[in-house]
Chemist: 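Questions regarding the structure given below will be posed in turn.
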There are 2 protein chains.
Amino acid sequence: MAKIKRDGILREANCTEELLAMRDSLDVLGGKWKLMILRFLTNRTHQIIHFKKMQREIEGISAKMLSKELKDLEVNLLITRVVQDTRPITVAYSVTEYGKSVLPVTETLVQWGLNHREKIIESV
Amino acid sequence: MAKIKRDGILREANCTEELLAMRDSLDVLGGKWKLMILRFLTNRTHQIIHFKKMQREIEGISAKMLSKELKDLEVNLLITRVVQDTRPITVAYSVTEYGKSVLPVTETLVQWGLNHREKIIESV
DNA sequence: CATAATAGTTTCTTTTAGGTAACTAGTAAC
DNA sequence: GTTACTAGTTACCTAAAAGAAACTATTATG
């Protein structure tokens, strides 16, 4: 966590920097699917993951969105795409080392989601 | 981090649960502004924060979006809204204890954003 | 009475996200 | 030749997100 400095102005400047950094993160990782896809691939690091398999297992995603999001993630060096010479052709997706650096983000979101669901249930 | 179990089926079931939890988180915290607003308010916990001040300091947000996002956050018990009897009227926003539970999420996003910017700079 | 401040709301418009369904292309099994 | 599988793409459409600008209401100042 960022240090809380005594000087109010410094603390506020620091906050502005933090918000800019968060904006950068959200530009790359934001939206409905990118973090879901990264989490899925990270959980499957030692398996070969094909397009159709992802589409089946990431609930609700369409071929169009999956294709588009995978391209975005590849451009940002978070995943790799390898065409395999099988019949029929298959394409193996996997998370890169850099992509694994997103794990702390998805982990806090998973934990918060679990906690949130508990909170909702107990408040009924 | 979630335990990696020996049994493939259990691991995959576990992954599905994780994705559902993440979907819950993203439903509440997703979008362009909510995490930014929560981070801002958390960084300002010991100050009184007014609507106009937020609009000035969270770069790029419009009054309409700020108003809408604050309502959503209030409904989800993440922030409080207190009208103050001043002339002209002011409204004080602050993060709730529950809202503070989002801090780990914003913190990982801030850190990832800082790291990502470094990576981009050194790759040029 | 004009100006300015707070805290929004309203209207209008554009942009983006996202969904559905049909379609391509290659190959293999029946 | 028909069906089925992979891995997408394309076209069409709707809904949601988002932005800009004008506007409301209240009160104080000059």
Side-chain angles (χ1 to χ4, degrees), chain A residues 19-20 22-38 40-41 44 47-76 78-95, chain B residues 19-20 22-38 40-41 44 47-76 78-95:
Chain A
L19 292 190
L20 289 174
M22 225 164 82
R23 172 56 60 225
D24 289 345
S25 291
L26 293 175
D27 284 346
V28 177
L29 305 173
K32 191 170 174 181
W33 297 113
K34 291 200 181 71
L35 288 169
M36 302 281 280
I37 292 169
L38 284 174
F40 179 81
L41 286 178
R44 294 282 198 289
Q47 293 172 51
I48 292 170
I49 300 297
H50 304 310
F51 187 90
K52 284 285 172 187
K53 182 160 188 168
M54 296 183 72
Q55 205 195 328
R56 278 191 300 265
E57 296 197 30
I58 300 176
E59 204 174 297
I61 198 164
S62 67
K64 184 185 110 177
M65 286 309 297
L66 182 54
S67 172
K68 188 213 152 214
E69 300 290 69
L70 288 172
K71 275 179 198 161
D72 290 349
L73 292 170
E74 202 191 350
V75 164
N76 282 305
L78 297 165
I79 65 169
T80 55
R81 177 185 186 276
V82 178
V83 179
Q84 295 183 307
D85 190 17
T86 53
R87 311 294 128 126
I89 248 176
T90 50
V91 178
Y93 290 96
S94 53
V95 67
Chain B
L19 293 190
L20 288 173
M22 224 165 82
R23 170 60 58 229
D24 289 346
S25 291
L26 294 175
D27 284 347
V28 177
L29 305 173
K32 191 168 173 179
W33 296 114
K34 291 199 181 70
L35 288 169
M36 301 281 280
I37 292 169
L38 284 174
F40 179 81
L41 286 177
R44 294 284 199 287
Q47 294 171 50
I48 293 169
I49 300 295
H50 305 309
F51 187 90
K52 283 288 173 184
K53 181 162 191 169
M54 296 183 73
Q55 205 195 327
R56 278 191 299 265
E57 297 197 30
I58 299 177
E59 203 173 298
I61 197 165
S62 68
K64 185 184 108 177
M65 287 308 299
L66 182 54
S67 172
K68 189 215 151 214
E69 300 290 71
L70 289 171
K71 275 178 198 162
D72 291 347
L73 291 171
E74 201 191 352
V75 164
N76 282 306
L78 296 166
I79 65 167
T80 54
R81 178 184 185 275
V82 178
V83 178
Q84 295 182 308
D85 191 19
T86 53
R87 310 296 129 121
I89 248 177
T90 51
V91 178
Y93 289 96
S94 53
V95 68

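Fair warning: this is a prediction, and the values are worked out from it, not measured in the lab. Each chain gets a letter, A, B and so on, in the order the sequences are listed, and its residues count up from 1.
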Chemist: Please determine, for the side chain of B:Lys71, which listed nucleotide (D:dG8, D:dT6, C:dT9) has the closest atom?
Modeler: C:dT9
Chemist: The side chain of B:Lys68 is closest to which nucleotide in this list: D:dA17, C:dA5, C:dA7?
Modeler: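 The closest nucleotide is D:dA17.
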Chemist: From the set D:dG8, D:dA18, D:dT6, return the single nucleotide nearest to any side-chain atom of A:Val91.
Modeler: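 For A:Val91, the side-chain atoms sit closest to D:dG8.
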Chemist: From CE of A:Met54 over to P of D:dA7, roughly how many Å is that when rounded to an integer?
Modeler: 11 Å
Chemist: Ignoring the backbone of A:Pro88, work out which of C:dG8, D:dC5, D:dA18 is nearest its side chain.
Modeler: D:dC5
Chemist: In whole angstroms, how far is the C1' atom of C:dT16 from the CH2 atom of A:Trp33?
Modeler: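 The answer, rounded to whole Å, is 16 Å.
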Chemist: For a quick check of understanding: with a heavy-atom distance under 4.0 Å over all strands, which category does A:Ser62 fall into, base, sugar-phosphate or nothing?
Modeler: base
Chemist: May I ask you to say what A:Lys53 touches in the nucleic acid, namely base, sugar-phosphate or nothing, with a heavy-atom cut-off under 4.0 Å?
Modeler: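 A:Lys53: no heavy atom of the nucleic acid under 4.0 Å.
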Chemist: To the nearest angstrom, how far is B:Met65 atom CE from C:dT15 atom P?
Modeler: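 After rounding, the gap between these two atoms is 17 Å.
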Chemist: Quick one: which of C:dG19, C:dA7, D:dT9 gets closest to the side chain of A:Ala63?
Modeler: D:dT9
Chemist: From D:dT27, C:dG18, C:dG8, pick the nucleotide closest to the side chain of B:Arg81?
Modeler: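 Out of D:dT27, C:dG18, C:dG8, the nucleotide with an atom closest to B:Arg81's side chain is C:dG8.
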Chemist: Under 4.0 Å: is that the gap between some side-chain N or O of A:His50 and OP1 or OP2 of D:dT6?
Modeler: no
Chemist: Between D:dT6 atom P and A:Phe51 atom CZ, what is the distance in whole Å?
Modeler: 11 Å
Chemist: For B:Lys52 and C:dT9, what is the distance between atoms NZ and P respectively, to the nearest whole Å?
Modeler: 12 Å
Chemist: Dump the intermediate steps for salt bridge (Lys or Arg N to Asp or Glu O under 4.0 Å) on A:Glu69 and A:Lys32, then the final yes or no.
Modeler: CA-CA 10 Å; A:Glu69 300 290 69; A:Lys32 191 170 174 181; over 6 Å; no
Chemist: Kindly say whether, by distance alone, the side chain of B:Lys64 makes a donor-acceptor pair under 3.5 Å with the base of C:dG8?
Modeler: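 Looking at the base of C:dG8, it does not pair with any donor or acceptor on the side chain of B:Lys64 (distance under 3.5 Å).
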Chemist: Between A:Glu59 and B:Arg23, does any NZ, NE, NH1 or NH2 come within less than 4.0 Å of an OD or OE carboxylate oxygen?
Modeler: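 Salt bridge: no.
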Chemist: Identify which nucleotide among C:dG18, D:dA7, C:dT6 has an atom closest to any side-chain atom of B:Arg56, counting heavy atoms from C-beta outward.
Modeler: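 That would be C:dT6.
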Chemist: Which nucleotide in the set D:dG19, D:dT6, C:dG19 lies at the smallest distance from any side-chain heavy atom of A:Thr90?
Modeler: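 For A:Thr90, the side-chain atoms sit closest to D:dT6.
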Chemist: Taking atom C1' of C:dG18 as reference, at what distance in whole Å does atom CD of A:Glu59 sit?
Modeler: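 Whole-Å distance recorded here is 17 Å.
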